[in-house]
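The next block holds one structure in the form of structure tokens; read it before the comments.
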Amino acid sequence: MAEETELRYEPASIEPKWQQRWAADPTMYAAESADCGKPKYYVIEMLPYPSGKLHMGHVRNYSIGDALARHMWMKGYNVLHPMGWDSFGLPAENAALKNNTPPREWTLSNIAAMKKQMERLGLGYDWEREVTTCLPEYYRWNQWFFLRMYEKGLVYRKQSKVNWCPQCATVLANEQVVNDCCWRHETTPVEQRNLEQWFYRITAYADELLDGIDALEGWPEKVRTMQRNWIGRSKGTEVDFFAYNDEAITAGALKGNGEAEQRGEKIRVFTTRIDTIFGATSVQLAPEHPIVARFAANDAKLKAAVEAMIEQQKKAKEDGDIGSIEKEGIFTGHYAINPYNQTKVPIWIANYILADYGTGAIMSVPAHDERDFEFAKKYDLPIVQVIEPVQNEDTTELPFCSKEGKIVNSDPLVDGLTCLEAQKKLQEIARDKGFGEAKTTFRLKDWGVSRQRYWGTPIPMINCPACGLVPVPDDQLPVLLPEQIAITQQGGSPLSRVPEFLNTTCPKCGAAAKRETDTMDTFVDSSWYFYRYTDAKNPAQPFDPKAAQYWFPIDQYIGGVEHAILHLIYSRFWTRVMRDLGLIVNDEPATRLFTQGMVLKDGSKMSKSKGNVVSPDDMVASYGADATRMYALFAAPPDRDLDWQEDGVAGISRFLGRVYRIALKYAPAAVAAKGTRLDKPTGTALKLLRKLHQTTAKITLDFEGRWHFNTCVAAIMELVNEIQSADAELAKGEVPQAAVYELLHTLTLLLAPFAPYLAAELWEMLGEKGNVLRAPWPASNAELAKENEKELPVQINGKLVSLVRVAADADAKTIEAAALADEKVQSRTAGKTVAKVIVVPGRAVNLVVK
RNA sequence: GCGAAAGUGGCGGAAUUGGCAGACGCACCAGACUUAGGAUCUGGCGGAGCAAUCCAUGGGGGUUCGAGUCCCCCCUUUCGCACCA
């Protein structure tokens, strides 16, 4: 009885003991200096928002990163593995409203709580480099970057329509609008408002951000595709049509190109298929196109129809089914002149034309565009074919949208040319005559960063009645966020209601002036935090360029795929800005990116409303941190979704208990054999050591690329099962102690990345004083790992019939002979002809029998 | 609609190059030790059949000596994009 109690694996006593010892050693997970002589390895997990509690997604994310970091430490790398807090943002203000707690206090106490959870989980972070984005030591550099970008023309201000979430009472970036609803309030439609906003000119880097994706070979293809789509580069041409009303044309007012320019009202269209312009049979305008309002000014009927269409578009956007609504159009009664041939075409307003893409106007070529074709059919507009498909084209039916063809029926200048040749030619003409130009359009918009919120980085600008907008001088940074302010639900920027903050003097002329009261989007904070880790306490610069140059790029970045566009595009943008400021030399922030799958419960995302949230604290309390972490790695490959099953965690806990008891039983005697070597193991010792070296090889290989930690854990279980099944021999002392020692020693090392607490405990049992993290990762002896005999499957006509035991390196002849000699094979082939024998040495034998 | 990933026992998953389908774990069943068991140990565990055997990786075809794996068609699920001119 007493003995049994003693043998019980109790993480609740083992783990806190080690946690305390580790806390006493701040160098435990500290990165070393650049001249330490080791190769560097920079691995981070995406920093969390300090909501107050870790969720299982965090646990999974950090278990993956921590296992990798630990493995790299053991491999002898100088590892940088830091953690921080993305700690500005709306929830702090909401909490302030709800509980009357100041945002700063609420945030900092959440951070303290979550840090405790991380420490309890045994995650190995270099806390000396902790970055907390809501502290002035950090956000002053957001302001500093803002000013540098302002100087370079990468920050500008414009009156613009912005996405407004009535729930958040603030502006959202395009990236924060999901299905035309707020990304935090998925059922709240986003409204449009006109406000003066600050923008980062990310489009200045649009080409580079897009082209750079090709080089990101260590990033998931999925993320690369999403970024390509998001940037959405489209190369085409803009040309001006000229609007007339019908009377002007019939009255002969139109005499030629020159006159058209004088008289017409310009309608600029964007097209990727300027080669089809002679097939344009109408011009289509978005209902919100500015010229539409002028057409409708004296036409009440048109005005009503347009307003209805705008309403319809808006609703479709909100419902997320813009893209599938029935095409509808309104004829304006006006006509436009094709600038190339002076052809008169009707101007329509159409519900499938978007005001905020391109110029909000298109030329409609029904013969060569699906949508235009559909529209023309419905409204009986002419369809003029101007491209003749090449011979081998599969379908020649209209609409013919491929570029594989020759221009016909157009103009002597382009007839007979290929589409691409014609495009080039027509662009030249437009440029020479001044009615158009080649143009590249992006879906990516400039990054609106103004937020009418309190808990964010104050924008370092001052509005002086005399001097206008004046940047805050560097020596007045940081512009501190006032701490004691009343958070209310009134609209507008909370800072505008804080006179001490609002009122200041102009840095230029000294007159009374007012501060900018908007704060920055929190995505600013996370765009460069990982650079700060390299020199987290620098009071004079965002970071020392030398430190960043040593550590960057990040070798492995790990996080959720939900950040594939927002955070990861902004980070790539910011990296380029910093490069152009001369702070860093890398173009991209991270060489490799890994996106882990979600943690589910009963097949669906954990959420309070579903009541299926599993708390990491409960798991750790019941089964320990090691079991919780190891289960997170064991239950599924890291890139796939994982369904959390508590019974599974219990299983891991039982497994760890088995390991613990084996060590308790056999370590004391084995320690005596420490340092001795077993030269030629035989029997059970050979069998166990062979399995040990196979396991080592498998796990080492997986860390190098595949990352199937679920099978790594399974392999360790197989090894332990094999040790367990040799229990009788071990108990009788039939296995040499040197072999037992090697088994336990290496097993401990293999466990170290996955179960750090138990590994530390076993390490101590084995008489080791130092930290297991500093012990070298075990090498697999290939000679020992190799099987000398193998059981090969014998098939007859592809069906498994028997197994034959042969030497592992047996040649084809030997294997064939063994297979033919096999009893089962003989009885199956009796009286039949063996037509063919296929031998794959080391793999299989197949007899073709007739 | 377009694109990507996935579909394997009761469940999570394994099979890295075309070569023993179901490793490992959970659940379940039986046994041992027990006053007791949410402890531990031993054994069993895809389906059908007493058995020899047969059937089985979403469905249907194909390539191959041999297919979960390669090719074609279809179905389902998840994700991304979606009138972007």
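Quick note: numbers below take in every heavy atom, side chains included, and nothing from hydrogens, waters or symmetry partners. Chain letters run A, B, ... following the sequence lines, proteins first, then strands; residues in each count from 1.
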Using the [atom1] atom as the reference point in each nucleotide, state the distance between [N] and [M] in Å, no decimals.
N	M	atom1	answer
B:G12	B:A67	C1'	25 Å
B:C26	B:G18	C1'	31 Å
B:U57	B:G9	C1'	10 Å
B:G25	B:A39	P	16 Å
B:A6	B:C72	P	15 Å
B:G59	B:U69	P	11 Å
B:G46	B:G13	C1'	15 Å
B:G68	B:U8	C1'	7 Å

message: Taking the six-membered ring for Trp, are A:Tyr352 and A:Phe375 closer than 6.0 Å centroid to centroid?
response: yes
query: Ring centres of A:Phe703 and A:Phe709 under 6.0 Å apart?
result: yes
message: Just the rounded figure in Å: distance from C1' of B:C26 to CE of A:Met630.
response: 15 Å
message: Distance check needed: B:C24 P versus A:Leu633 CG, whole Å only.
response: 19 Å
- prompt: Counting N and O atoms only, with roles assigned by atom type, does the side chain of A:Asn846 sit under 3.5 Å from a partner on the main chain of A:Ile838, one being a donor and the other an acceptor?
  reply: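 Checking the backbone N and O of A:Ile838 against the side chain of A:Asn846, no donor-acceptor pair under 3.5 Å is found.
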- request: Using side chain to side chain contact (heavy atoms under 4.5 Å, CB included) as the criterion, point out the one residue from A:Ile387, A:Ile383, A:Asp275 that pairs with A:His368.
  value: A:Ile387
Answer with base, sugar-phosphate or nothing: what part of the nucleic acid does [X] contact at a heavy-atom distance below 4.0 Å?
X	value
A:Lys605	nothing
A:Ile353	base
A:Asp641	sugar-phosphate
A:Gly232	nothing
A:Glu718	sugar-phosphate

Using a cut-off of strictly less than 4.0 Å, decide whether [X] has a side-chain nitrogen or oxygen near OP1 or OP2 of [N].
X	N	answer
A:Arg706	B:A15	yes
A:Gln724	B:C41	yes
A:Lys799	B:A67	no
A:Ser234	B:A85	yes
A:Asn710	B:A14	yes
A:Arg654	B:G38	no
A:Tyr631	B:G25	no

For [N], which nucleotide is its Watson-Crick or G-U wobble mate, given both distances must be under 3.5 Å?
N	result
B:U40	B:A32
B:G18	none
B:C24	B:G12
B:C81	B:G1
B:A52	none

task: Would you mind reporting whether A:Ile213 and A:Arg572 have side-chain heavy atoms less than 4.5 Å apart?
output: yes
Taking donor-acceptor contacts at under 3.5 Å, does the side chain of [X] reach the base of [N]?
X	N	value
A:Lys836	B:C65	no
A:Asn846	B:C65	yes
A:Arg640	B:U78	no

field: A:Arg658 vs A:Glu646, nearer the 5' end of RNA chain B by closest nucleotide
entry: A:Glu646
task: Show your reasoning for whether side chain to side chain contact (heavy atoms under 4.5 Å, CB included) applies to A:Arg706 and A:Thr711.
output: CA-CA 10 Å; A:Arg706 210 174 63 137; A:Thr711 62; 3.6 Å; yes
query: Among B:C65, B:G12, B:U40, which nucleotide sits nearest the side chain of A:Ile838?
result: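 Among B:C65, B:G12, B:U40, the one nearest the side chain of A:Ile838 is B:C65.
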task: Please tell me which of the listed nucleotides, B:C79, B:A82, B:G25, lies nearest to the side chain of A:Lys222?
output: B:C79
task: Kindly label the base of B:G9 as syn or anti, based on whether its glycosidic torsion lies within 90° of 0.
output: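 Syn conformation for B:G9.
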query: Hey, are A:Gln313 and A:Asn351 close enough side-chain-wise for a donor-acceptor pair under 3.5 Å?
result: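 No.
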